[in-house]
> 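Please see the structure below; I have some questions.
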Amino acid sequence: MARKPMMAANWKMNKTVREAQDYTAAILPRVEDSDGVDVAVFVPFTCLGEVARMTEDSSVIAGAQNFYYEDSGSFTGEVSVPMLRDIGIGAVIVGHSERREIFGEDDEMVARKTARALEAGLLPVVCVGETKEERDSDGMWDKISGQIKRVMEEIDEPAGDEIVFAYEPIWAIGTGDTATPEDAQDATSQIRGLLRDLRDDEFADSVRILYGGSMKPENVEELIAQEDIDGGLVGGASLEAESFIKLIDATQEDNWPVEDQ
Ligand code: PGA
């Protein structure tokens, strides 16, 4: 089964509204012909309204980097799914390692947020990945499989195209230290195998698994050429529009059979 690749920019805590406007204006005309790849831009809360407005009539998905699973109430500083829907947001990152490690989000919270996003029709991009210590001490698969199992327990049975996973080894994020294509393929294929065991072939064959961690124009081709890597979630190399466009173009040229869509 062919999976349509996705290239996603994660701006993290970067860009003013003005900078967001310039960036979005730069990528919009360039992605018009990118039918073979889904393009998403995950931007800070302050830029969401503007990026959602600018991308409204395009194929670019405006996404949020965070939200809370309750719909409203006394949750100072939080933003809910209905609030995101209200301004036209189509996707959310869930369980990014920076949220897990710096802001203390645990597997339970990530699972509940994923379920809430799915219920509301937002596309969750669920991040999983190991630290260097976990990798070196053979704890990598315990960590990743535990993260995935908790999410799969909490959610109903979404179709494979309603949820995306991102394998992001923590030691590769923002470090310039990319996983080798073989290591990234190994992890993503194990993740797909686990999803096959937990659900079924149809789900496992259609769900997209992205790679994240120092993906850049110089290494994108060899990463997305791997059988189980369906695109990227990119921080640093997505901050400049030209660099992100290169990543989109490289993904577009991957083996996705555009004519079969
Ligand atoms: P990076 O970040 O591309 O800067 O390593 C990836 C991510 O955290 O999603």
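Because the structure is predicted, anything quoted here is derived from the model rather than measured. Ligands are counted one by one from 1 in listed order, and the atoms in each one are counted from 1 as well. Along the sequence shown, residues carry numbers from 1. Only this structure's heavy atoms are used, side chains among them; waters, hydrogens and symmetry mates stay out.
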> Nearest to atom 4 (O) of ligand 1, what protein heavy atom do you find, and at what distance?
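Checking every protein heavy atom, the shortest distance to atom 4 (O) of ligand 1 gives Gly236 N, 2.8 Å.
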
> List the steps, then state whether side-chain contact (heavy atoms from CB on, under 4.5 Å) holds for Val125 with Phe42.
CA-CA 10 Å; Val125 177; Phe42 292 93; 3.8 Å; yes

> Main chain of Thr16, side chain of Glu19: is a donor-acceptor contact present, judged purely on distance under 3.5 Å?
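Side chain of Glu19 to backbone of Thr16, a donor-acceptor pair under 3.5 Å: yes, one is there.
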
> Any sub-3.5 Å donor-acceptor pair from Arg85's side-chain atoms to Gly121's backbone N or O?
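Yes: the side chain of Arg85 pairs with the backbone of Gly121.
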
> Is the contact between Asn10 and ligand 1 made by the side chain, the backbone, both, or neither, using heavy atoms and a 4.0 Å cut-off?
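It is the side chain that gets close, since no backbone atom is under 4.0 Å.
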
> Of the protein's non-hydrogen atoms, which lies at the shortest distance from atom 2 (O) of ligand 1, and what is that distance?
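For atom 2 (O) of ligand 1, the nearest protein heavy atom comes out as Lys12 NZ, 3.2 Å.
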
> What residue and atom, counting heavy atoms only, is the protein's closest point to atom 9 (O) of ligand 1, and at what distance?
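Ranking protein heavy atoms by distance from atom 9 (O) of ligand 1, first comes Glu168 OE2, 2.7 Å.
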
> Identify the residue among Glu119, Glu105, Glu70, Glu78 that makes a salt bridge (Lys or Arg N to Asp or Glu O under 4.0 Å) with Lys113.
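Considering Glu119, Glu105, Glu70, Glu78, a salt bridge (Lys or Arg N to Asp or Glu O under 4.0 Å) with Lys113 is found only for Glu105.
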
> So which protein heavy atom does atom 3 (O) of ligand 1 come closest to, and at what separation?
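Of the protein heavy atoms, Gly235 N, 2.8 Å lies nearest.
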
> Give the atom numbers and elements of ligand 1 that come within less than 4.0 Å of a heavy atom of Leu233.
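In order of numbering, the contacting atoms are 6 (C), 9 (O).
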
> Select one of side chain, backbone, both or neither to describe which atoms of Ala172 lie under 4.0 Å from any atom of ligand 1, heavy atoms only.
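Just the backbone.
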
> Among Glu134, Glu133, Glu130, which one satisfies salt bridge (Lys or Arg N to Asp or Glu O under 4.0 Å) with Lys143?
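When Glu134, Glu133, Glu130 are each tested with Lys143, the salt bridge (Lys or Arg N to Asp or Glu O under 4.0 Å) holds only for Glu134.
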
> What is the ring orientation for Phe244 with Tyr23, classed by angle as parallel under 30°, tilted 30 to 60°, or perpendicular over 60°?
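Judged by the thresholds at 30° and 60°, the geometry between Phe244 and Tyr23 is parallel.
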
> Of all the heavy atoms in Ser214, does at least one lie under 4.0 Å from an atom in ligand 1?
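Judged by the 4.0 Å heavy-atom criterion, Ser214 does count as contacting ligand 1.
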
> With heavy-atom distances below 4.0 Å as the criterion, list the atoms of ligand 1 near His96.
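Counting atoms of ligand 1 from 1, those under 4.0 Å from His96 are 7 (C), 8 (O), 9 (O).
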
> Between Asp230 and Arg192, does at least one N-O distance fall below 4.0 Å, as a salt bridge requires?
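Arg192 and Asp230: salt-bridged.
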
> Just jot down the ligand 1 atoms closer than 4.0 angstrom to any heavy atom of Gly213, in number order.
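In order of numbering, the contacting atoms are 5 (O).
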
> Go through the steps for Asp228 and Gln185 under the test side-chain hydrogen bond (donor to acceptor under 3.5 Å, both in side chains), then give the verdict.
CA-CA 6 Å; Asp228 287 292; Gln185 163 58 21; 2.8 Å; yes

> Does ligand 1 have a heavy atom under 4.0 Å from the side chain of Lys216, from its backbone, from both, or from neither?
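For Lys216, there is no contact with ligand 1 at all, from either part.
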
> Would you say Gly174 contacts ligand 1, with heavy atoms under 4.0 Å as the rule?
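Judged by the 4.0 Å heavy-atom criterion, Gly174 does count as contacting ligand 1.
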
